[in-house]
Each structure stands twice: as C-alpha cells, then as structure tokens.
Amino acid sequence: MQNFCGKPFEIHFFRNHSKSASTYGALESLSTMNGSMVKPRKHVLCTALSSCAKTLNWHLGIQIHAYMIRSGFEDNLFLCSALVDFYAKCFAIVDAKKVFSGIKIHDQVSWTSLITGFSINGHGREAFLLFKEMLCTQIKPNCNTFASVISACVGQNGAHEHCLTLHTHIIKRGCDTNNFVVSSLIDCYANLGQIDDAVLLFVETNEKDIVVYNSMISGYSKNLYSEDALKLFVEMTGENVVPTNHTLCTILNACSSLALLLQGRQVHCVVIKMGSERSVFVASALIDMYSKGGDIDEAQCVLHQTSEKNNVLWTSMIMGYAQCGRGSEALELFDCLLTKQELIPDHICFTAILTACNHAGFLDKGVEYFNKMTTNYGLSPDMDQYACLIDLYARKGNLSKARELMQEMPYDPNYVIWSSFLSSCKIYGDVELGREAADQLIKMEPCNGAPYLTMAHVYARKGLWNEVAEIRRLMQQRRVRKSAVSYICSG
DNA sequence: ATAGGGTTAG
C-alpha cells in the first residue's frame, strides 16, 4: 500500500477525533481508494482537505497538497480554496496566503477562506483589509464573508467604524436576516458597549437560533445588564429554544454578579434537568455563583458531585473559602491536594491561596506559599501574587517590608497595590510612607479625591493641622471633587 | 466538492 508520498499510509490516522460522519467517511474512503490504487477524484480530495482542516490533520493535508501538484490539480479553484482553509485552520497563515496568491481567478469561497483564516489566527486588521480589497473586485461578499469579517473586527481598533460600514453592506446585500451574520453583529455591538444597537438587531430578527440568543444574553451580561440577561433567558425558554452549556454558564455568571442566590438555584435546576452538571464549565460557574451568593456549603456539594475535577474547579473552591473568610479550610484543601498530587498549581491557584492567607491574616503561611511557588513549582510570581504578599505584610503592620517588596518586584506597582498600601498606612498612621503612596496615586488618577482624603485623615490623627490645611488647599486648587465614591474608597 | 456565528471557567 502506498500513499501519495510513497510512504505507507497509517490507517489509524483516519480514525482520529473527527466528529461528523461525513468527515469520517471522506477520510475512510480516501484510505480505501489508496489501498486499492484507485486514483482519488478531485471532489474526494476536496472533502478530505476540508476534513483535515476541521481535525487539524496536518500530516495528511500536506500529502494531499503534494498529490495535487503531482496530478496537475494545482489550478483547481475548489481544491485551492480548500487548501487555503486547511492551512489557515492549521495556523499556517503564510502558506494559506501563498496558495491564495497563486489562484488566478478567485470566487467568494477563496476570498472568504483567507478572510476567515486571518480572523482565526488573530489578524483581525488584515482580515478587514482583505475584505476591503475584495470589495474592489467583481466578486461580492455573501453572508459567510460578512459573518467572518465582523467577528474579525470585534475588539479591534476602529471596530465602531468598521461595524457601521459592514452593517451598511450587509443590509444592501440582504444578509441582515441571516443568523450567522446577526449573531456576529450583536457580539460586535455588545463589545463596543452599543447595547441598544445590539437589541435593535435582535428584536428585528425573526427566526432566532440558540447562538443568536447566546450572543444577546452574553452581550447583556458583558455590559452589566445582568437582569436583562436573566429576563431574556426566561423568555428564550418560553420560546422553546433549548439552552446550551454556554447559555447556562453565561446566566450563572449573571446570577453571580448580582449575588442572586435564589435565581441561581433555579438555574441549577435547569442544569440538572439538562444533565449539564458534568460540564466542568457549568460546574465552575455553579461553584462561583454559590460562593459569591454566600452559600459555600452548596458550592462544596457541587464540587463533590463533579466527577472530573480540574485546576479551575479546585481554584474556584479555594477562592470561595477565601472570600467568605474560611481561610483555614482554603489552606487545608490546598495542602491536601498538593500532598495527594491532585493539583498542579498554577499562578491563579497561588493567587487564590494567597488571598485566603491575606483575608485570614496568615502572614507566615503566605510567605511560605509565595516562596514555594518558585522553589517547588518553578513559577515566577506575577503582579497578582506580589500584590497579595505586599498587602499581607502591610495589613500586618510591616509597612517597610511591604514597601521593600514593591521596589524589589520586577513590576511597577499598579493603582490597586498603592491604594491598599495607603489604606494600611492609614491604619498604622505612617505619615511618610502614606504620603509617598498618596503622591503616586494622585499622579496616576489626578481627578480622584480618595488619596487626598485618606492623607488628610492620616495627618489629622497625628495632629498635623498645617498639612491638613495644605491638602484642602491643593484639592481646591486642583478642583478635585470629594465624590461619594471617594469617601467610600478612602474608607 | 470548497467558506460562515456565540467559546462559556478560577
């Protein structure tokens, strides 16, 4: 048995993780043909290439490319488009571009394949530029093209303008009722904070599928309209649209952010009805929802009922303990997992355990974990873990050690770090370090009155009335407002 | 025969 390159084919190669029957069939028939020395026809190669793209079967894909060249199929537009798609999906965007440039006469599919390729490889700008280039040709974009180019624009610079331009073209070409296009547009508008535009589009769409609903629900959630997200979820259920795990996660997050324990429990019922508890995504959303809602025992139950546990689930639980002040339990769980080697901790695990130490005031333990991170697990701490440790020292009153760490760490302290440091300076009445922290904060956010007020408080406690007056003068001179938020922030 | 949407956790 020979393959296209003269080496034997490995049959098991075709029995990979392809999900669709057609993918399996295409690869299977290709292997059978190969065994019987029948030359595969062009359309078989085309389907096979598409399957290689879907299953990231690089090895077979490049063999098909080689075979195409040897058999004189190099100029076939169908095969070339499929090749562009294959290379792009396998992250070989340079090869995809090369094949695309070699095509003499393009069609909608070849253009769309490369636009999608740029998009999924994170080159949103190039995707949009290529789309504009396409507009200058005879070949007009269709719904597939629009769906790709819009999702490429999400989060890009100039997304607002691009979205407007695209929407105009979409209406002109009658693609504004296509669910693929609508869901991308909703996502794009929601990411721009233009929730009204997203809603307008949503209500004007007649036969909405689950993805369109999911886009709108997560759009609401992203823009902090969690109540609307929940309302739409209920409405969707009434329309007999079946939620996916993705829907449930989004909805549970909405419940978490509103600390809506009651509604969260109802969603938990839906989760059980759908048999979605096994999804680690759903389980971690549940744990998070119960933790934030204050029902740590229920969070524990969810964790225990989840058969496949991973880092995210464990970390959610540890963070849950940390946030509700059950520091000892957080440490106990973490240590137990390490001993049993059930957890290979990463940066976020350490943030969780350091948060637990911080909330419970376990300084020695905190230092121990912080050091363990590097010595036992080869992880170099990032800003978050430094922030925990610095805050831990400062809250315990060791301000100079905290200040030292801020200088030692390979990052510039951010607003949160300076701000919590200032709070500790206030508690322990350290004028010198407090003044430094306040100066830094004022430099970072000149209009925020909070650091001025905290410093005024520190000075007043020490009876430094001249300094208090100086602060008042500075605030008037710089027109810094004492907003309600500032009062709250200054503690 | 070839191309398309929402990727959900800490």
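If you're wondering where the values come from, they're calculated on a predicted model, not measured in any experiment. All values below were derived from every heavy atom in this structure, side-chain atoms included, with hydrogens, water molecules and symmetry-related copies excluded. Convention: sequence-line order gives letters A, B, ...; per-chain numbering from 1.
- Residue A/T244 is in base contact, counting any heavy-atom pair closer than 4.0 Å across all strands shown.
- If you check residues 74-89 of chain A against DNA chain B, the residues with a heavy atom closer than 4.0 Å are A/N76, A/F78, A/S81, A/D85, A/K89, listed by number.
- Not counting sequence neighbours, the partners of A/E329 by the salt bridge (Lys or Arg N to Asp or Glu O under 4.0 Å) test are A/R326.
- Sorted by residue number, the members of residues 193-222 of chain A with any non-hydrogen atom under 4.0 Å from DNA chain B read A/D209, A/V211, A/V212, A/N214, A/S215, A/K222.
- Taking the six-membered ring for Trp, A/F100 and A/H106 have ring centres closer than 6.0 Å.
- Residue pairs meeting the ring-ring contact (aromatic ring centres under 6.0 Å, His included) criterion with at least one member in residues 307-343 of chain A, sequence neighbours excluded: A/F334-A/F350, A/F334-A/Y369.
- Put simply, chain A comes within 4.0 Å of DNA chain B, heavy atom to any atom, from B/dA1 to B/dG10, going 5' to 3'.
- For A/T244 and A/T247, the side-chain atoms include at least one donor-acceptor pair closer than 3.5 Å.
- A salt bridge links A/D187 to A/K222: at least one charged side-chain nitrogen sits closer than 4.0 Å to a carboxylate oxygen.
- Residue pairs that meet the ring-ring contact (aromatic ring centres under 6.0 Å, His included) test with at least one member in residues 252-299 of chain A, sequence neighbours left out, are A/H268-A/Y290.
- A heavy atom closer than 4.0 Å to some atom of DNA chain B occurs in A/V109, A/T112, A/S113, A/T116, these being the qualifying members of residues 107-134 of chain A.
- Contacts with DNA chain B (heavy atom under 4.0 Å) in residues 250-270 of chain A: A/N253, listed by number.
- A/Y386 meets the ring pair (Phe, Tyr, Trp, His ring centres under 6.0 Å) test with A/F370; sequence neighbours excluded.
- A/E368 and A/N371 share no donor-acceptor pair across their side chains, judged by distance under 3.5 Å alone.
- Residues forming a side chain to side chain donor-acceptor pair (under 3.5 Å) with A/S71 (at least two apart in sequence, or on another chain): none.
- Residue-level contact check: A/D187 touches the backbone only, with heavy atoms under 4.0 Å from sugar-phosphate atoms and none from bases.
- Side-chain contact, A/Q300 with A/H304: no donor N or O sits under 3.5 Å from an acceptor N or O.
- Of the residues in residues 291-313 of chain A, those with a non-hydrogen atom less than 4.0 angstrom from any atom of DNA chain B are A/N310, A/N311, A/V312.
- Atom CZ of A/F73 sits about 10.0 Å away from atom CZ of A/R41, to the nearest 0.5 Å.
- Of the residues A/L114, A/L166, A/T112, A/I150, the one that meets the side chain to side chain contact (heavy atoms under 4.5 Å, CB included) test with A/F131 is A/L166.
- Remark: A/K372 fails to qualify as a cation-pi partner of A/Y377 under the 6.0 Å distance and 45° angle criteria applied to the six-membered ring.
- Every residue was checked against the ring pair (Phe, Tyr, Trp, His ring centres under 6.0 Å) condition with A/F233, not counting sequence neighbours, and none meets it.
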